[in-house]
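So that the names make sense, note that chain A is the first sequence line, chain B the second, and so on, each numbered from 1.
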There are 2 protein chains.
Amino acid sequence: MGEPKFNRRSADDRRRLLIDAALRCLAQHGADGLSTRTIAAEAGVSLGLINHYYRHKDDLIADAYHSAASELLAAMQAEVDRVPASDARGRLSAFVRASFSGQVLNPDLFKVWLAFWSLSTRSVRVQEVHDTTYGDYRSLLERLLADLAAARGIEGFDARLAAIGLSALLDGLWLEWCLNATTFTPDEGIAMTERWIDGFVGTATGHC
Amino acid sequence: MGEPKFNRRSADDRRRLLIDAALRCLAQHGADGLSTRTIAAEAGVSLGLINHYYRHKDDLIADAYHSAASELLAAMQAEVDRVPASDARGRLSAFVRASFSGQVLNPDLFKVWLAFWSLSTRSVRVQEVHDTTYGDYRSLLERLLADLAAARGIEGFDARLAAIGLSALLDGLWLEWCLNATTFTPDEGIAMTERWIDGFVGTATGHC
DNA sequence: GTCCGTCTTGAACGTTTGTTCAACTATGCT
DNA sequence: AGCATAGTTGAACAAACGTTCAAGACGGAC
């Protein structure tokens, strides 16, 4: 007669439910407001279920980090792929534009990442997730930059260093904007980054 | 006869003692390991003393943020001032070198800043400290960049935007290195930043 | 030497934390 | 229909948290 007190789900469904709930909690309350009880309430399940699927809270957060980072990277890649491979410069611009879109330039997302970074200094599990996902992120940038250098016939271009510099500039602008959104506008951020790209690629061979 | 169980100190001395202890705790254990009991133990005082000088723990952290940021900025300014004002480019290089010195490029310091950033999204008190200290930081950079542009006779130079970009690049490289020190060396970071400066100042007028 | 003011102490309180586990129940199988 | 399995629950636990406050002790004033 009465409604069932709970439904049974597959392990994959449950894990996704818990991960999404954890990400919402992090976005809302930051790292300090993230407790097993908060996550359970947000997911609409009982407290004990979390420890049934994750031995420790940190394991869930590591999974959430991996999920969020993968999703973000996939979204960036999709934006890049809207531009044909023949237009190497345009693909790079698509990446930059995506980096300053409302989905990324978001104080809530910043709170989530702050929590991940904090935990990565304490948990090797999270540290590993960071290393792999950030490596993928930089690989994408490196490929885009190398393609551009190749298209312009630039030789001896250090794509690795360029990718590190560009990702640092993007991350730094993202960081500053999330900490205080009044210092500059997203458009100014885009202009600054575009200029960096042109400067770096333009002077890579030592001439103009 | 016996040693006194405690010594009385001035309010300023006590506050400094507590601030330094809090900073050491943050460097060691990060934001999560920071409790009033840990700070008290590190400072060698009783638990109650903290709440005697600071109504709330966040007030102590805000004070610690202000202290650490001021000290860091003063150290940077001192390094810059070792180069004569006539050498605008050299002063900027001194700032860059100081940014990649062992004192700054330090995972322990990173943990401290992570805690400050996390708290700044929650406490208006800490947010205010961030806004003022970061404003000072960017003002110094802006002055150095404007001096360089003036020395080179560049007109229409947007020092504000340049300072934002340079600080973002520096912060981004600092962030990446602290999260994973194997991706690039400090010297590579210096080279990248120097190149950014030359590129930005060189192309500011639109010619080579 | 004694006294007073206040700086300092540490026990105590009420929350909240992560984790455990015995009990319960939905669900597929026979 | 009933059984076995396993997904789910929520009470319980010990530990740690920030904060309060009455009691204690140092150190200067007299």
Q) Roughly how many Å is it from CZ in A:Arg8 to C1' in C:dT27, rounded to a whole number? A) 5 Å
**Q.** Any N/O donor-acceptor pair, B:Arg55 side-chain to D:dT19 base, under 3.5 Å
**A.** no
**Q.** Residue B:His66 excluded, over 12 heavy atoms near NE2 under 6.0 Å
**A.** no
Q) For the side chain of B:Ser46, counting heavy atoms from C-beta on, which of C:dT9, D:dT19, C:dA26 is nearest? A) C:dT9
(Q) Using whole Å, what does the distance between atom P of nucleotide D:dC26 and atom CG of B:Leu49 come to? (A) 15 Å
Q. Taking CD1 from B:Ile39 and P from D:dA16, how many angstroms apart are they, rounded to a whole number?
A. 16 Å
Q) Should B:His56 be listed as having a side-chain N or O under 4.0 Å from OP1 or OP2 of D:dG18? A) no
Q. Does a nitrogen or oxygen in the side chain of B:Tyr53 sit under 4.0 Å from OP1 or OP2 of C:dT8?
A. yes
(Q) Any side-chain N or O of A:Arg9 below 4.0 angstrom from OP1/OP2 of D:dT8? (A) no
Q: Calculate the interatomic distance between B:Ile50 atom CD1 and C:dC7 atom C1'; express it in whole Å.
A: 15 Å
Q. When the distance from CG of B:Asp59 to P of D:dG18 is rounded to whole Å, what number comes out?
A. 13 Å
Q: Check every strand shown and say whether A:Leu60 touches a base, only sugar-phosphate, or nothing at a heavy-atom separation below 4.0 Å.
A: nothing
Q) At under 4.0 Å between heavy atoms, what does A:Tyr54 touch on the DNA or RNA strands: base, sugar-phosphate, or nothing? A) nothing
Q: Whole angstrom is fine here: how far is it from CG in B:Asp58 over to C1' in D:dC17?
A: 13 Å
Q.
With no hydrogens and no angle check, just 3.5 Å: does a side-chain donor-acceptor pair link A:Thr182 and A:Asn180?
A. yes
Q: Counting heavy atoms from C-beta on, name the nucleotide in C:dG18, D:dT9, C:dT27 closest to the side chain of A:Arg37.
A: C:dG18
Q.
From CG of A:Asn51 over to P of D:dA11, roughly how many Å is that when rounded to an integer?
A. 16 Å
Q | Any B:Asn7 side-chain N or O less than 4.0 Å from OP1/OP2 of D:dG27 | A | yes
Q. Pick the nucleotide of DNA chain C nearest each of A:Lys57 and B:Gly48; which residue has the one closer to the 5' end?
A. B:Gly48
**Q.** Residue whose closest nucleotide on DNA chain D lies nearer the 5' end, B:Ser35 versus A:Ser10
**A.** A:Ser10
Q.
I need the NZ-C1' distance between A:Lys5 and D:dA6, as an integer number of Å.
A. 18 Å
Q.
Centroid separation under 6.0 Å, is that true for the rings of A:Trp196 and B:Phe200?
A. no
Q.
Under 6.0 Å between ring centres: does that hold for A:Trp113 and A:Phe110?
A. no
Q.
Quick one about A:Glu176 and B:Ser167 (side-chain donor to acceptor, distance below 3.5 Å, no hydrogens or angles considered), yes or no?
A. yes
